[in-house]
Structures are given as C-alpha cells and as structure tokens.
Amino acid sequence: MSAAKDTNGVLAVLIVGAGFSGVAMAIRCQQQGIGPISVIEKGPGIGGTWRENTYPGAACDVPSHLYSLSFAPKADWSRLYAKQLEIEDYLRGVAEQYGLMPLIRFGTTLRRAVWDEAGALWRAETDRGEILARAIVSGAGGLHHPSMPDIPGRTDFAGASFHTAAWDHSADLKGRRVGIVGTGASAIQVVPELAGHAGHLTVFQRTPPWIMPKNDRAIPEERKARYARFPVLRLLERWRLFWRLEFPALVGFTRVSKVTAQAEGMAKHNLRKAVPDKVLREKLTPQYRFGCKRVLLSDEYYPALQRDDVTLETGSIARIVPDGVEMADGTKHGLDALVFATGFDVLGGSLRTEVVGREGRRLAEAWADGMQAFQGITVAGFPNYFILLGPNTGIGHNSIIAMIEIQVDHVIGCLKALAEGRQAIEVSEPAQVRFVERIRNRMKESIWQAGGCRSWYLDNQGRNTTLWPDSVLAYRRSARRARMSDYRLR
Ligand code: NAP
C-alpha cells in the first residue's frame, strides 16, 4: 500500500480533489501499488459536488444502485434516488474503508502547476506550499464554480442572496418572499422544498426544461436485506438500471430522430397530466427539441408551481433592485430573498488553476480554440497530466461514475508506464487531433447543437466541448485501455 510519505520529496501521483473522481483514482492507485500518492482537497471533507451542493432537495437524478462505485457496493440505499447527505456519507465511508484519510490534505487549494522538464516532474503550488509530483491527476470536476448572471443591479439586492451551490443555511426563508432565478436541474429540486416554506415563491424562468416523471420512492427494508444477503441480486439491479439508461444512447439519442419525437410526446403527456391549466402548461412547454438541454426528472416540480403561494414568472428580468426584481414590462416582484439557480462556469472554472506545460505553454492557450483532450483525459504539451471528467466526457443519460471509472482505468495504464521506469508520458499531437476531429464531426448534427437551444454544454462558439456524444459502452471501447501507440514515452 502506498504511503502518504513522499519518496525524496516527490510523489508518484498528486490527485486534486476528493470527490468521486479523486477517491476512485486514489483507491485504484493503491490497488495497483502506484505510490506514494497524495490527494489535496480545497474543502474540509470528502464528497466534492455532494459536499458542496447542500441546497434543500439536493438529490441525485441517477438511481443510487447505479450512481455508486462498481467496487464499493452499498446494499442499503434508502431510496431509489438518494439525497445529497446519503451520497456524501457513502463516499466518505468508501474513503475510510480504503484507508484514504491519511493521504488527503484537506483545506489545500492548487493554485498553479508547472511542468519541470529537467526534473520530469510537476511543481504544484498550493496555498499551503509546494508539492512535487511525477504526475498530477485532476479530479476537480467541472461543475463547481457558480455562474452568477449578469443582471443589472444584482449586487444591490438588500436581502439574503446566494447561489444554490453555496446555500446560505443561516438565511431564514420561512414565511418570506423568495425569488429563484433559473429552472435547471438544481432549481427543480429546490422549488418544491421552498414552496410552502417561503411565504411566497416567485420562479423566474427564461427557458422551460423538458421534464419526465422521476418515480422516486423509498426502498423497502426487505429489499435492502435481500441485497445484503444475496449480492448478486444487487448486481443484477445495477445492470438492469445501467441498460435501461443506456438504451437511448444505443438507439441514437444524440440526433434529432423519431425517438426524439416519441420522447417529446411522452414528456408532453406528463405535462398535460400534471398541469391542467392551459396557460400555465403553455409557459412550461419547451420550444426546442427534447434532449437539447439536460432532460430533468421530477414528480414534485409541476405540483409545486400550481400552489397559490407560487408564481411562475416568464417575462424578462430588467434589473434587480434592493427590494426585488423589476421586469422589462415595468412590473415588479417585491422580494426578501433571492436564490440563483443559474448553473456553473464550466470553461472559466476549469482554467481557474494555471497549468503550465512543456515549453511554458499554458492550458488556457492550448484551449483558446475550445477545451479539448485526447479521450477527454490527456492534452499534448502536458506530460504526466491527466484530467478526470475533462472535455467531452460528460453524460446526461447514464451514471457519470461509470465514465469516471473508465477514465481511471486509462490513467492507471499511463501511470504504469511511468512506474516501469519512464520519465514522461504525453499524448501525441496526431492522436489528440484525430480524437477531437471525430468528436467535432459527431457533434455537428447533434441534438445539442441542432436542437434549437443554448445550454452550458456549448462554448462561446456554439460547440459542445462538454458532453460525450455516444453511449457509455462506446466510451469504454474508446478510452478504457491506454494504447501506448497514442502516447510518446520518454
Ligand atoms: P443549469 O442547468 O445551467 O441551469 C441554469 C438555469 O439558470 C437555467 O434555467 C438558465 O436559463 C437560468 N439562467 C442562467 N442565467 C440566467 C439569466 N441571466 N437570467 C435568467 N435565467 C438564467 O444549472 P443547474 O441547474 O445548476 O445544473 C447544472 C448541471 O449540474 C446540470 O446540468 C447537471 O449536470 C448537474 N446537476 C445534476 C443534478 C442531479 O440530480 N444529478 C442536480 C443538479 C445539478 P436558460 O435555460 O434560459 O439558460
């Protein structure tokens, strides 16, 4: 087992982030005898996105028996879709079970990483000093730098005002007039919790999401006991869930097709059943194709919007004033508190840490024409540097943990080459160019670019540099094994 103690002051691997990616990476390094390793984590605990997003109603929209590490099963998930705290507890339990805690330096933020060509190592500058490592694996994730909207007067608001990913639990919203901007995955989980708790809730919608029923429910005790007693049953359930979610990808969900129209029919049926009022229904009907933005799951959002103490506002916001929000048509919503469920700064966030590769090349320069990486993991010019959940490896249809585990396998393949005595491993430029071309060609006609919407999936040139445009199985085939012919070894 690798120790936290460095050899000659140089780690074999420095892992950044103690969320699902960092934890999975650290465990696999240990299992493969790759060390010494260390994990740095900016926050005070394990969990990543599941430690940071503590907004009321935060839960996963992928079933828990699938949204968990393949090698660390949990028989007693309480619900079909676990809530934030249970997932955070699960991941902390896994880290403890695998003895990771002594390897993690909490409260340590990576500020800059510079490749030292002569020493064939990375100099990682953190707010707690320098760390030297042969390789860096970034498990920092893409969805954690809140994106605050550019609405005039935003900072003038006098009441409590915060982003869903930085929920202010000290703010007392009970009985108050609360506004929430945004109707994405975070908002549709918060809105049902705030409705009835706030005195009045105003939901500011710019674009309605497509919503399907979630059918969430508690998992009965007998089922939990059965899964504990017969692990094969839990495994079968995991496989069933995987194939159910993978199915749309296998029938070509990335393009506008007959399947798109069928899905739209089902979502509209769900809306008709849930919302009898024609005017409200019209406001909630998307004018873009199903799947262009992330499809959301909820049983509670539409009912919440129909409460007397909830208003759905679909006009454009003109400005935020100290005591509310003024609309372009001159009307005003008086508010005591304002919540921003406005998503994340994906590109800006990923470049917040300065990464300087060979010949002083910065990752920000390498990505000036859009984020890109071979298999979403490695970038030419940046030896021994690996990104988990990097460009074009996000998915909306299945468990992202499956993608993380495939990437961890790929990185392990590269790290083994280093462990066998090589100094540096770097993806070849042609391999990266071929991969990126393949992705860009697939994206051209994809639903995300041709589906008539704008989402965080797209960069400022309208290109999708965030999602993997195929099934998880296709990614597994493409990325799981690191082929040395795609890499330059020194
Ligand atoms: P999001 O999907 O990016 O949604 C942001 C919302 O804010 C959108 O409705 C957007 O409207 C609105 N908005 C942004 N700027 C605005 C402005 N200036 N004026 C008015 N409205 C504005 O963010 P999110 O809901 O936090 O979700 C982000 C991602 O996190 C998800 O796609 C998902 O991958 C992940 N997530 C997952 C779960 C889960 O259960 N697994 C839960 C939460 C989040 P437009 O649509 O018009 O842009």
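Values reported hereafter were calculated over all heavy atoms of this structure, with side chains retained and with hydrogens, waters and symmetry mates removed. As the structure is a prediction and not an experimental result, all values here were calculated from the model.
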Do other residues, nucleotides or ligands put more than 12 heavy atoms under 6.0 Å from [X] [atom1]?
X      : atom1 : result
Met266 : CE    : no
His169 : NE2   : yes
Arg176 : CZ    : no
Asp329 : CG    : yes
Arg440 : CZ    : yes

Any salt bridge between [X] and [Y], counting N to O under 4.0 Å?
X      : Y      : answer
Arg476 : Asp409 : no
Arg234 : Glu237 : no
Asp277 : Lys283 : no
Glu326 : Arg319 : yes

Using modelled atom types only, decide if a donor and an acceptor are shared between the side chain of [X] and the backbone of [Y] within a distance under 3.5 Å.
X      : Y      : value
Asp299 : Asn215 : yes
Lys83  : Ala58  : no
Trp243 : Glu246 : no
Arg177 : Gly199 : no
Trp210 : Tyr288 : yes
Trp167 : Asn53  : no
Asn392 : Leu467 : yes
Arg463 : Asp369 : yes
Arg154 : Pro149 : yes
Tyr475 : Gln375 : yes

At their closest point, which heavy atom of [X] faces which heavy atom of [Y], and how far apart are they?
X      : Y      : value
Gly291 : Ile447 : O-CG2, 3.8 Å
Ile46  : Ala95  : CD1-CB, 3.7 Å
Leu338 : Val325 : CD2-CG2, 4.1 Å
Ser161 : Phe157 : CB-CD2, 3.8 Å
Pro276 : Arg281 : O-NH1, 3.2 Å
Arg255 : Thr260 : O-OG1, 3.4 Å

Using side-chain heavy atoms (C-beta onward) and a distance below 4.5 Å, is [X] in contact with [Y]?
X      : Y      : answer
Phe204 : Ile151 : no
Thr353 : Val16  : no
Ile87  : Cys60  : yes
His144 : Thr49  : no
Ile317 : Met327 : yes
Thr164 : Val339 : yes
Ile211 : Tyr301 : yes
Tyr457 : Arg294 : yes

So how far is it from [X] [atom1] to [Y] [atom2], rounded to the nearest 0.5 Å?
X      : Y      : atom1 : atom2 : value
Leu14  : Ile40  : CG    : CD1   : 4.5 Å
Leu388 : Ile377 : CG    : CD1   : 7.5 Å
Ser478 : Leu473 : OG    : CG    : 12.5 Å
Gln262 : Lys258 : CD    : NZ    : 8.0 Å
Thr465 : Gln372 : OG1   : CD    : 10.0 Å
Ser21  : Ile404 : OG    : CD1   : 3.5 Å

Would you please indicate if the ring centroids of [X] and [Y] are separated by under 6.0 Å?
X     : Y      : result
Trp77 : Tyr227 : no
Tyr67 : Phe20  : yes
Phe71 : Tyr98  : yes

Discussion item. Walk me through whether His163 and Ser186 qualify under side-chain contact (heavy atoms from CB on, under 4.5 Å).
Written reply: CA-CA 10 Å; His163 189 274; Ser186 301; over 6 Å; no

Under a 3.5 Å threshold, yes or no: a donor from one side chain and an acceptor from the other, between [X] and [Y]?
X      : Y      : answer
Thr126 : Arg105 : no
Asn464 : Thr466 : yes
Gln84  : Glu88  : yes
Glu313 : His333 : yes

Practice prompt. Assess whether side-chain contact (heavy atoms from CB on, under 4.5 Å) is satisfied between Val472 and Ile406, documenting all intermediate values.
Written response: CA-CA 9 Å; Val472 173; Ile406 294 166; 4.0 Å; yes

Item to complete: Could you go through the side-chain contact (heavy atoms from CB on, under 4.5 Å) check for Val379 and Ile387 one step at a time?
Response: CA-CA 9 Å; Val379 185; Ile387 308 166; 4.1 Å; yes

Name each donor-acceptor pair under 3.5 Å that joins a side chain in residues 342-349 to protein atoms two or more places apart or in another chain, with its distance.
unit_1 : atom_1 : unit_2 : atom_2 : d
Thr342 : OG1    : Ser147 : O      : 2.7
Asp345 : OD1    : Gly348 : N      : 3.0

Discussion item. For a side-chain contact (heavy atoms from CB on, under 4.5 Å) check, start with the C-alpha distance between Val321 and Lys332, then their side-chain angles and the critical distance, and finish with the verdict.
Written reply: CA-CA 9 Å; Val321 290; Lys332 179 178 164 185; 4.0 Å; yes

